[in-house]
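Have a look at the structure below before the remarks.
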Amino acid sequence: MAEAITIARPYAEAIFKLAQGHGSLSSWSEMLGLVSSVIQESQVSALIGNPQIPSVKLREIIFSICGKKLGEDGRRLISLLIENGRLLVLPQISELYEQLKAQHESVLEAKIVSAFPLESYQLEKLVSVLEIKFRRKVKAQVSVDSGLIGGVKIEIGDQVIDSSVSGKLEAMAAALKS
């Protein structure tokens with residue numbers, strides 16, 4: 001996985017600079033997300049790297065699936081990735097691009113795991129508290145894990161805020177052992 005990230009980083013940085021220069025950060029997000037999902041489809045992923053499928057045919061297939069949602073620069077990127085045998089790192093390129101975009105826009109990505117589904121007002125309140133704490137805009141990705149028993153676990157960057165019941169029980173067990 002580290003190798004794919006290493007390969008993807010220069011592409012993501014170049015795309016980000018291009019998008020920033022043209023004021024098209026959001027459209028690049030959409031294009032990269034679209035193509036990433038297309039190449040991860042089982043039927044398309046089976047064609048990538050298949051020696052019986054010429055690169056021209058693979059390019060045509062991807063272009064036809066994406067249609068007009070893929071701009072001229074996006075088409076050039078896909079062609080370049082196919083020619084260099086790097087199409088499979090596109091999801092990592094997309095991920096790194098989104099990190100660069102979020103950093104540029106001063107947005108923090110928060111992964112919130114809750115024991116129960118959060119109501120919209122609960123999520124809004126939690127996000128506003130995080131925005132005050134970190135003094136930046138927070139974009140939340142929410143999931144549910146009943147194994148937490150109760151509470152939430154929040155990951156922002158390399159920081160983890162664990163206010164779940166299972167986390168507190170683990171901390172208590174560790175304290176009792178020492």
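The figures here come from the full heavy-atom set of this structure, side chains too, leaving out hydrogens, waters and symmetry mates.
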Would you please name every residue forming a side-chain contact (heavy atoms from CB on, under 4.5 Å) with [X], sequence neighbours left out?
X	value
Ser166	Leu148, Ile149, Ser164
Lys139	Val107, Glu109
Glu95	Gln99

Problem - Closest non-hydrogen atom pair, Gly67 against Arg75 - result: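 Smallest heavy-atom distance, with atoms named: O-NH2, 3.5 Å.
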Practice task
Please report the closest heavy-atom contact between Ser79 and Arg59, naming both atoms and the distance.
Solution key: OG-CD, 2.9 Å
Taking the side chain as C-beta and beyond, is there a heavy-atom pair between [X] and [Y] under 4.5 Å?
X	Y	value
Ile7	Ile5	no
Leu100	Ile15	no
Trp28	His22	no
Val113	Val144	no

Problem - Co-membership, hydrophobic cluster, residues Ile78 and Leu18, 4.5 Å side-chain - result: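 Yes; Leu18 is reachable from Ile78 via cluster members.
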Problem - Joint hydrophobic cluster, Val165 plus Ile112, side-chain heavy atoms closer than 4.5 Å - result: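 Different hydrophobic clusters.
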Drop me the distance from [X]'s [atom1] to [Y]'s [atom2], to the nearest 0.5 angstrom.
X	Y	atom1	atom2	result
Gln141	Glu155	CD	CD	10.0 Å
Lys133	Ile154	NZ	CD1	9.5 Å
Arg136	Ile156	CZ	CD1	9.5 Å

Show which side-chain atoms of residues 29-50 pair as donor or acceptor with protein atoms under 3.5 Å away, not counting sequence neighbours.
| from | atom 1 | to | atom 2 | distance (Å) |
| --- | --- | --- | --- | --- |
| Ser29 | OG | Leu25 | O | 3.3 |
| Ser29 | OG | Glu98 | OE1 | 3.4 |
| Ser29 | OG | Glu98 | OE2 | 2.6 |
| Ser36 | OG | Leu32 | O | 2.8 |
| Ser37 | OG | Gly33 | O | 3.3 |
| Ser37 | OG | Leu34 | O | 2.7 |
| Ser45 | OG | Glu41 | O | 3.2 |
| Ser45 | OG | Ser42 | O | 3.2 |
| Asn50 | OD1 | Gln52 | N | 2.9 |

Problem - Neighbour count above 12 (heavy atom, 6.0 Å) for Lys153 NZ - result: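 Counting other residues, nucleotides and ligands, NZ of Lys153 stays at 12 neighbours or fewer.
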Exercise for the section: Can you tell me which residue pairs pass the ring pair (Phe, Tyr, Trp, His ring centres under 6.0 Å) test with a partner in residues 85-112, sequence neighbours excluded? Expected result: Phe16-His104
Problem - Sequence neighbours excluded, every pair satisfying ring pair (Phe, Tyr, Trp, His ring centres under 6.0 Å) that has a member inside residues 61-94 - result: none
Kindly list each side-chain donor-acceptor pair under 3.5 angstrom involving residues 81-88, sequence neighbours excluded, with atom names and distances?
| from | atom 1 | to | atom 2 | distance (Å) |
| --- | --- | --- | --- | --- |
| Asn84 | ND2 | Leu80 | O | 3.3 |

Practice task
Mind checking side chain to side chain donor-acceptor pair (under 3.5 Å) for Asp73 and listing every partner two or more places apart, or none if nothing turns up?
Solution key: Arg76
Tell me which donor-acceptor pairs under 3.5 Å the side chains of residues 120-131 have, and how far apart each pair is, sequence neighbours excluded?
| from | atom 1 | to | atom 2 | distance (Å) |
| --- | --- | --- | --- | --- |
| Gln122 | OE1 | Glu119 | N | 2.7 |
| Ser128 | OG | Glu124 | O | 3.4 |
| Ser128 | OG | Lys125 | O | 2.8 |
| Glu131 | OE2 | Val138 | N | 3.2 |

